[in-house]
Student: 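Structure incoming, see below.
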Protein chains: 2
Amino acid sequence: MMNTKKSTHQNIMDTAQKLIQRKGFNAFSYADIAKELDIKTSSIHYYFPSKTDLGLELMKRYRKTIQEVLEQVDQSELGSREKLQEYLQAYQSIFSEDGRICLCVMLSSDIITLEDSIQQEVKLFLQLNLDWLAKTLEEGVKCNAFNCHADTHAEASLFLSTLIGSMLLARANPKSLSFHQIGQVLYDKYTLHD
Amino acid sequence: MMNTKKSTHQNIMDTAQKLIQRKGFNAFSYADIAKELDIKTSSIHYYFPSKTDLGLELMKRYRKTIQEVLEQVDQSELGSREKLQEYLQAYQSIFSEDGRICLCVMLSSDIITLEDSIQQEVKLFLQLNLDWLAKTLEEGVKCNAFNCHADTHAEASLFLSTLIGSMLLARANPKSLSFHQIGQVLYDKYTLHD
DNA sequence: GTCTATACACAGATAGAC
DNA sequence: GTCTATCTGTGTATAGAC
């Protein structure tokens with residue numbers, strides 16, 4: 001019989017990620033995790049000696065996850081538009097009604113207070129997204145799939161900015177469009193011709 | 001002779017705003033302000049009994065500032081495109097190379113950890129921006145100034161999202177386009193026709 | 001108004017028993 | 001591995017002298 005119980009290590013990472021996605025890196029504490037998992041803070045230090053260690057491992061896992069998603073999409077037979085749709089879908093599954101937004105967005109806003117190792121990991125994650133977006137837009141522009149400027153590098157920055165900002169805006173001001181709706185409008189802008 | 005010395009009250013607000021724009025609401029402390037102004041933390045409590053009081057006053061002042069800018073732009077004889085340009089310019093003057101980004105963006109990312117009074121003030125600020133953008137886009141669409149969808153409410157959310165996200169992206173990943181450049185691409189997208 | 005002194009809670013982190 | 005116990009620093013905040 002398969003052991004379905006998650007390891008303490010994994011429980012800590014999952015709980016920490018959820019807390020950062022809600023409160024931010026500087027606002028969550030080891031005590032928060034300990035309380036939620038009914039363990040002691042010293043047990044967390046056993047797995048993650050410092051808070052930076054924990055944050056760093058979280059970002060690395062997070063990057064691997066998106067990396068795998070992007071590779072799977074690239075290996076598929078999907079068209080450029082469908083690839084972009086899948087990309088948006090990946091972020092929409094991260095965004096949660098309980099206030100969770102993209103881990104990397106939260107760390108980006110705390111970026112100045114983070115140790116260099118985490119800063120580098122955040123940069124890597126963002127660059128990974130930018131490169132994939134530029135490549136995918138480039139590919140789509142060639143076969144006329146996208147209503148988009150030829151400078152795909154610039155377009156990628158614009159696209160990612162919109163995605164990042166829409167999570168913050170939708171959470172902070174429920175009267176604006178929802179994150180899902182903004183994603184839809186964004187997608188339409190790139191696929192519908194006048 | 002005019003007394004050019006700023007009041008302690010104002011010094012505290014200016015320093016606190018700068019610190020939040022860099023580090024975020026939860027990462028800055030009264031001790032940070034005290035150190036920078038060479039005063040004691042108890043002096044800060046004299047003007048702002050609690051950290052929430054300070055944050056709230058800052059957001060109120062910040063909102064008034066943008067409100068005045070928007071009113072001045074509205075009272076001018078500028079066309080819709082120039083109005084949008086002025087709007088972007090206002091945010092570009094906030095963004096600073098030393099890591100400062102929009103106060104409201106920083107508070108938006110910490111939104112869940114803030115007391116309700118500040119949350120409301122953040123919402124007000126965002127809604128003020130959305131309403132002005134929707135109105136201005138609406139006005140421009142009528143005279144064919146903007147290359148933009150008829151649903152100006154949705155377009156406003158999209159536009160503001162891009163602005164918010166580009167500050168975070170540009171600061172966290174210097175390899176992406178700069179905030180200024182993203183603003184330019186954004187403006188072009190709305191004003192240039194294919 | 002600004003200071004000294006201090007209270008109190010909580011943060012991240014470590015040593016060592018079990 | 002997980003715990004108890006503890007250390008040390010820092011956080012917000014207050015009382016009261018000057």
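Order of the sequence lines fixes the chain letters, A, B, ..., with proteins taken first and strands second; residue numbering starts at 1 for each chain.
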Student: Would you check if there is a donor-acceptor pair between the side chains of B/S161 and A/S166 at a distance under 3.5 Å?
Tutor: no
Student: Does A/S29 have a side-chain nitrogen or oxygen under 4.0 Å from the phosphate oxygens OP1 or OP2 of C/dA11?
Tutor: yes
Student: How many Å lie between CG on B/D38 and C1' on C/dT2, as a whole number?
Tutor: 12 Å
Student: Within this structure, what is the NE2-to-C1' distance between A/H45 and D/dA5, rounded to whole angstrom?
Tutor: 14 Å
Student: Without decimals, in angstroms, what is the distance between A/D53 CG and C/dA13 P?
Tutor: 8 Å
Student: Expressed as a whole number of angstroms, how long is the span from A/Y30:OH to C/dA9:C1'?
Tutor: 20 Å
Student: Counting only side-chain nitrogens and oxygens, does B/S50 get under 4.0 Å of the OP1 or OP2 atom of D/dT12?
Tutor: no
Student: Calculate the interatomic distance between A/F25 atom CZ and C/dA11 atom C1'; express it in whole Å.
Tutor: 13 Å
Student: Examine the side chains of B/T191 and B/N147 and answer whether a donor and an acceptor come within less than 3.5 Å of each other.
Tutor: no
Student: With no hydrogens and no angle check, just 3.5 Å: does a side-chain donor-acceptor pair link B/Q17 and B/R61?
Tutor: yes
Student: Between B/Y46 and C/dG1, is there a contact of a side-chain N or O with OP1 or OP2 at under 4.0 Å?
Tutor: yes
Student: Tell me the interatomic distance from A/K23, atom NZ, to C/dA11, atom C1', rounded to whole angstroms.
Tutor: 12 Å
Student: Base, sugar-phosphate or nothing for B/F48? Non-hydrogen atoms, less than 4.0 Å.
Tutor: nothing
Student: May I ask you to decide whether A/E77 forms a salt bridge with A/K83, counting only side-chain N to carboxylate O separations under 4.0 Å?
Tutor: no
Student: Are any of A/K40's side-chain N or O atoms less than 4.0 Å away from OP1 or OP2 of D/dC3?
Tutor: no
Student: Counting distance alone, no hydrogens or angles: does the base of D/dT14 have a donor or acceptor under 3.5 Å from a partner atom on the side chain of B/S42?
Tutor: no
Student: What is the distance from CG of B/L19 to P of D/dG11, rounded to the nearest Å?
Tutor: 12 Å
Student: Provide, to the nearest angstrom, the distance between the CD1 atom belonging to A/I12 and the C1' atom belonging to D/dG1.
Tutor: 10 Å
